[in-house]
Amino acid sequence: MVRTRFAPSPTGYLHIGGVRTALFCWLFARRNGGQFLLRIDDTDAQRNVEEALKPILDGLRWLGIDWDEGPDVGGPYGPYYQSQRLEHYQQAVRVLLDRGLAYHDYATTEEIQAERDAAQNEKRPFRYSRHWMAETADDRRRFEAQGRQSVVRLKMPQEGTLVLEDLVRGRVEFEWAREQDHVIQRTDGSCLYHLANVVDDEAFRISHVIRAEEHLSNTPRQVFIAQGLGYTLPQYAHLPFVAEPGSRTKLSKRKLDKYLKNRDFADLMQRGQQIAEALGLQASPETFNPVITDFYEQIGFLPEALTNYLALLGWSLDDRSEHFTRQELIEDFSLERVNKAPASFDPKKLFAFQDRHMQLLPIEEKVNLVLPYLQRAGLVGQPASDRQRTQVRQVVEAAGDRIKIAGDILSHREFFLGDADFPYEPAALEKALGKPAAREVLGRFRDCLAACDNFAPAPLEQLLHDFVQQQGIKIGEIIHPVRVALTGKSVGFGLFDSLAILGKQRCLARIDRTLNQA
RNA sequence: GGCCCCGUCGUCUAGAGGCCUAGGACACGGCCCUUUCAAGGCCGCGACACGGGUUCGAAUCCCGUCGGGGUCACCA
């Protein structure tokens, strides 16, 4: 039975690289008819775990990454919070101690540091001298009489080689003698991640440990613990990490300022901020930026598009398949086809995937997607009236592929504002209607419209062409002024669609308002 | 610095000795379509890090060099 797990710490946000790891774990489990579980690594938690966990669980759910066991759903091996599993870890420490694979150590932090510094000065690799190692009860009493406190350290082998068959990296070798005597239990009796991790993976019957590459160097000590405890080793698969845009360095939330200097990244950020602003969202860059999953949910990305993009970041099926639904991903995913080299995050390419997925979305689904944005911006009532819904549908249809993300509907807000309320772009107004002659033409066209009683796109187009011919003008001379009069903008979707959506009364009102502008 | 990992167009990648004059996608540039903006179509630009081997033949195998990254906590 394949069982994989994703083990987030409750940090308050879901990092895009973390999602990619979770996605691969999930895909692998689903592909193989196995289970995917969530474990919360909160051994070090200071803050309110539930609160800090919420954005993470929400993000995973939004992406359709569901878990069979874990928070909210429970499961037979729970609890799934490390903070509630302390006795398991302490029990494991006792076993390691009994078997002579770990020892009580009474060195102070300063003493360890001194050894480290000495090694540094002599340019040799640091290895703890075990000077304050207590292997007998007598030793312990002696050190404790000095007022010393102990931690428990791993007693790593002094020789030999560990050969690891990693499912994505292949054969990897480590020399045991290079490994440190890591602390597994603190002075206060609490346990450290590596120990907890191994104990839980066994307790949860994890068959495949799929995690980011940064854990590769940690694997030997975990293998040592697992073997010492008599566990059967899981299969390991170390994924390449997601790197910064245009770099090979690991993507990190903390370097936001640096990423914002990247043009593509900044563009995405700006696009998001505009939407946030229109929604009156408080968008602190700390929690609202393209490194964090929530950002995409907020501004209206399609979860399938993000998933599709992320899956291709380090994995591919062949030399041409790019578009995958979630179901196709499940069918086609395999660890054998995961790359070894890190892949850098490309906001432009992500956007291209979003574009493609959006284009394939049926119109009604698009309407459903977009409606909440208009409602939150106060442009459409809640619930929307039939008339409003129809209008939204018309706008969405006319906008076509111009709506790349759901929040983009807000850049067509003029259709939902009063005829006297929508703003004009000053430059557009000046360019299209600055000259008196242009205003005269617009006036004449207004009369034409007033006489028209079939306000559908096709007849309107005919009407305009007839008008152009009669007046002996170029089509651009009328089309641009009309667009500005109707929408306040120099760019937008098809003019005849705009006219039809607004209807005769509103078109005339808007043209009159424009003509009355100074 | 030690150890470990990685190295094909700017980016994501295909490639498991001859199918490679290295394919696809995003981005970029040009043209076409067009009332603007998108979208779409066509064309173009553009890479095997370097040096040695092995071989009739190497992006693919071996060695070295260089470069990039990860990791070396009483963090996870």
Side-chain angles (χ1 to χ4, degrees), chain A residues 7-11 41-45 82 105 107 109 112-113 116 119-120 123-127 149-153 164 166 168-170 172-175 177-180 182-188 190-194 196-197 212-220 238 240-241 243 245-250 263-264 309 312-323 337 339-353 355-356 359 399-404 408 428 432 461 464 468 474-480 482-484 487 489-496:
Chain A
S9 290
T11 52
D41 283 12
D42 58 349
T43 54
D44 199 41
Q82 290 198 323
D105 181 58
T109 319
I112 295 286
Q113 191 54 47
R116 229 181 229 119
Q120 177 87 27
K123 295 204 160 128
R124 59 174 166 80
F126 164 70
R127 192 110 202 272
Q149 290 187 309
S150 70
V151 295
V152 177
R153 284 182 187 277
L164 218 63
D166 189 281
V168 341
R169 323 207 80 89
V172 184
E173 299 187 4
F174 297 90
E175 277 183 58
R178 308 250 180 222
E179 298 296 320
Q180 303 293 334
H182 291 281
V183 174
I184 52 175
Q185 187 171 54
R186 300 184 181 93
T187 308
D188 68 5
S190 64
C191 292
L192 276 94
Y193 165 75
H194 294 291
N197 182 55
E213 182 189 346
E214 64 237 50
H215 290 286
L216 187 55
S217 328
N218 300 331
T219 308
H238 287 93
F241 53 78
S247 155
R248 289 284 190 228
T249 313
K250 195 175 106 183
R263 179 69 178 278
D264 301 337
Y309 172 71
L312 271 309
L313 214 51
W315 173 85
S316 66
L317 178 63
D318 54 35
D319 61 339
R320 53 199 63 244
S321 305
E322 292 252 317
H323 186 96
R337 294 201 57 86
N339 259 312
K340 293 179 188 172
S344 66
F345 175 70
D346 182 351
K348 274 241 174 71
K349 187 143 186 170
L350 166 58
F351 207 82
F353 274 93
D355 191 5
R356 213 174 317 160
Q359 284 188 36
D401 50 42
R402 291 169 186 83
I403 295 175
K404 311 278 188 202
D408 282 346
E461 183 165 7
L464 185 126
V468 164
K474 277 189 274 183
I475 197 163
E477 292 178 62
I478 181 61
I479 228 157
H480 298 301
V482 174
R483 172 174 286 111
V484 173
T487 65
K489 295 174 179 172
S490 58
V491 301
F493 44 76
L495 184 67
F496 309 111

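Chain identifiers are assigned alphabetically (A, B, ...) following the order of the sequence lines, protein sequences preceding nucleic acid strands; residue numbering begins at 1 within each chain.
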Which nucleotide in the list B:U13, B:G23, B:U35 gets nearest to the side chain of A:Ser316?
B:U13

Could you tell me how far apart A:Asp346 (CG) and B:C28 (C1') are, to the nearest whole angstrom?
12 Å

Tell me the partner of B:A25, counting only Watson-Crick (N1-N3 plus N6-O4 or O6-N4) or G-U wobble (N1-O2 and O6-N3) with both under 3.5 Å; none if nothing fits.
B:U11

Selected nucleotide, minimal atom distance to A:Val172 side chain, candidates B:A39, B:C5, B:A14:
B:C5

With heavy atoms under 4.0 Å as the rule, sort A:Arg337 into base, sugar-phosphate or nothing.
sugar-phosphate

Rounded to the nearest angstrom, tell me the gap between atom CG in A:Leu350 and atom P in B:C12.
14 Å

Select base, sugar-phosphate, or nothing to describe what A:Ser9 touches, counting heavy atoms under 4.0 Å on all strands.
sugar-phosphate

Nucleotide forming a Watson-Crick or wobble pair with B:G40, both distances under 3.5 Å
B:C32

In Watson-Crick or G-U wobble terms, both distances under 3.5 Å, what is the partner of B:C56?
B:G18

A:Arg248 has its side chain closest, among B:C74, B:G68, B:G70, to B:G68

Shortest side-chain distance from A:Asp401, nucleotide among B:A14, B:U35, B:A39:
B:A39

Would you kindly give the NE2-to-P distance between A:His238 and B:C4, to the nearest whole Å?
15 Å

Please check the phosphate of B:C6 (OP1 and OP2 only) for any side-chain N or O of A:Lys340 closer than 4.0 Å.
yes

How far, in whole Å, is B:G52 from B:A58 if one measures between their P atoms?
13 Å

Measuring from the side chain of A:Val491 (C-beta onward, heavy atoms only), which nucleotide among B:A25, B:C37, B:C74 has the closest atom?
B:C37

Out of B:G40, B:C72, B:G23, whichever nucleotide has its closest atom nearest the side chain of A:Arg320:
B:G23

